[in-house]
Amino acid sequence: MSNTVLLATDGSPGSARALDHAMERAGKSGARVLVAYVIEWSPYSFNTPEENALRHTRRESEIERARATIVDPALARLRAAGIDCEGIVQHGHPAKTLAEIAEEHGAAQIVIGKQGQSGLKAMLFGSVAGNLVQLATVPVMVVP
Amino acid sequence: MSRLIAALLPLAVLPSPALAAGIDETINNLTAPLATLIGQIVFFKVTLFGAGLPLVVLWLVAGAVFFTFYMGFVNLRGFKHAIELVRGDYADPDSAGEVSHFQALATAVSGTVGIGNIGGVAVAVTVGGPGATFWLILAGFLGMSTKFVECTLGVKYRNENPDGSVSGGPMYYLSKGFAERGMEGFGKVIGTFYAIGIFVGALGIGNMFQSNQAYVQLNTVAGGRLDGYGWLIGLILAAVVFAVIIGGIKSIARVTEKIVPFMAVFYCVFAIIVILMNFTAIPEAIANVFTGAFTGEGVAGGALGALIIGFQRAVFSNEAGIGSASIAHSAVKTDEPVTEGYVSLLEPFIDTIVICTITAMVIGTSQVADPGFAGEATGVAMTSAAFERQLSWFPLPLAFAALLFAFSTMISWSYYGLKGWTYLFGEGDAGQTVYKLIFCAFVALGCVVQLGPILDISDALVFLICVPNILGLYFLAPIVRREMDDYRARLARGEIRKYA
């Protein structure tokens, strides 16, 4: 049984609580923590030619920004607690991509924070956590 | 867009001042002689079996036929692979976030699906008879091969700028490709010629023609109450284009790019409904297409006349041989230029073989059912009348669709022209702003001049840039052929990884 936990983060308060939970669990079991942030992106969107021409540069800066503001602070906290960790930033459909990352890295569990969407928006689009529960092939822990 | 319509509404009740009509007329009088002159030069005709054959059309057809054979009917054999690429079957998950094949195709298609698909077809059928449709479809089919060649080259020879953005297109493959073959000077000359042509052409086909037809359609829906207000509609359109390309108001562009595909589907669905409502006329309409294609009954120049018109309109609509799509496709980050070639061959298919044919059938079946249905109307107004016969409410959404198509085509072409401009004058910001201001001025101008001189000027300019482009394609075709053969061999051996 692998001892890797995938922490799905988006920098929200819910994600911070998920990080606390993952730290606690990893601290006890000596698990490795993968911190993943998925930048929402679809290969089927419609762009202007100018957007296409600048896409490569934008992609790079998006990844850089996500690392600096979301993933790296989480990694710093994990490292300070002496936990083995690694960060991943990828573009794609959030829930689907997280499920794929978990599979690819043989994670035993995914930990994700609840975003607390309510009402119409959640009903129409669902939440990342909700979709992830449906898509993932490993247990998903949703931290409230 | 809703703000634009809100701004337009009060106009419908204003009286038409004589002053405005005067402005329209003055500009018309000034541009018409220029249009005639340019047209005469570009469409220099040779007489063949009693029909005047413009040499430039022959040049395009010969190119498309040659590339179809030289690339081993890639338009048929590459079709399935093109679909697989667009579907993302070969997309590497590690490159998620880059421009996908689908996005490149969608961008290029919204540049080509424009007023030509609605109005240009009506012009073809009016001048060339129902038989022009047959040649239009054939031209679309052959044009797929031309697109394949030019888009592969566009990616292969593009420039990567220091800021990470990319610039590509015929001016780059012409100059670099010829330099590779030891003809650096010649490459520079025709690369520059092309860049000037695409810049000027962007002001015509991609700009004035679009804004003109959008205005005509709006005026039709408004029941002629916008007569003489062309300059005002032009100014409003120019202001919106200005907001997007200079003001950087992304939301307008984004909303348009999202609505356009839906409008295209909406248009096709209702077009098919209208065709089905005319079902008793379908057999005769189809028969007319075939008999008209080979007899050219009632068409000036007979079958050859129908062929010329059909080919001319097809190129005008799908832009194969013009090289514009190659500029759009160059933005894709791929290690395999050929894959962009494959994807691009779907454009003439969607644009001409699907959408133009559907429009032609709407008009064709209406003509059979009621020969005088359109009265004196031509262009978009004729197509609109064909829809109105069956669906009286349709002209309003059609006007909206035409406006959006025109707008998205203008945005795409503003970029094509810009790339010509930056090729000539460098990537400096100040220069780019000057270009964009000129572009906006022509948007306004487009609503003022009448369809005749506008269509002549933009046709001529677009056909003019085919000359250096296709010349370059002949020279560089062996390179494309080699790349294609190599790619196909690796595909057959399973060396190109499939992810889905």
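Residue numbering restarts at 1 for every chain, and letters A, B, ... go by the order of the sequence lines. Since we're looking at a predicted model, the values are computed, not measured.
With a threshold of 4.5 angstrom between heavy atoms, B:A104 approaches chain A through N, CA, C or O but not through any side-chain atom. In this structure, no portion of B:L105 lies under 4.5 Å from any heavy atom of chain A. For B:V86, the part lying under 4.5 angstrom from a heavy atom of chain A is the backbone only.
Across all their heavy atoms, A:I83 and A:G27 have their closest contact at CD1-N, 4.1 Å. B:G420 and B:I198 make their closest contact through CA-CG2, 3.7 Å (heavy atoms, listed as atom of the first residue, atom of the second, distance).
No donor-acceptor pair closer than 3.5 Å links the side chain of B:K147 to the backbone N or O of B:Y342. At least one donor-acceptor pair closer than 3.5 Å links the side chain of B:N117 to the backbone N or O of B:D351.
Here the side chains of A:V111 and A:V33 are not in contact, with every heavy-atom distance at 4.5 Å or above.
For B:K176, the salt bridge (Lys or Arg N to Asp or Glu O under 4.0 Å) test picks out no residue, with sequence neighbours left out.
Between A:F46 and B:F102, a ring centre-to-centre spacing shorter than 6.0 Å is recorded.
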Taking 3.5 Å as the threshold, show me the donor-acceptor pairs across chain B and chain A, one per line with distances to 0.1 Å.
unit_1	atom_1	unit_2	atom_2	d
B:R87	O	A:Y44	OH	2.7
B:D94	O	A:R59	NH2	2.8
B:A96	O	A:R59	NE	2.8
B:A96	O	A:R59	NH2	3.2
B:G97	O	A:R55	NE	2.6
B:G97	O	A:R55	NH2	3.1
B:E98	OE1	A:H56	ND1	3.2
B:E98	OE2	A:H56	ND1	2.7
B:S100	OG	A:P43	O	2.5
B:Q103	NE2	A:S42	O	3.0
B:Q103	NE2	A:S45	OG	2.7
B:T107	OG1	A:N47	O	3.0
B:T107	OG1	A:N52	ND2	2.9
B:D163	O	A:T57	OG1	3.3
B:R254	NH2	A:E51	OE2	3.2

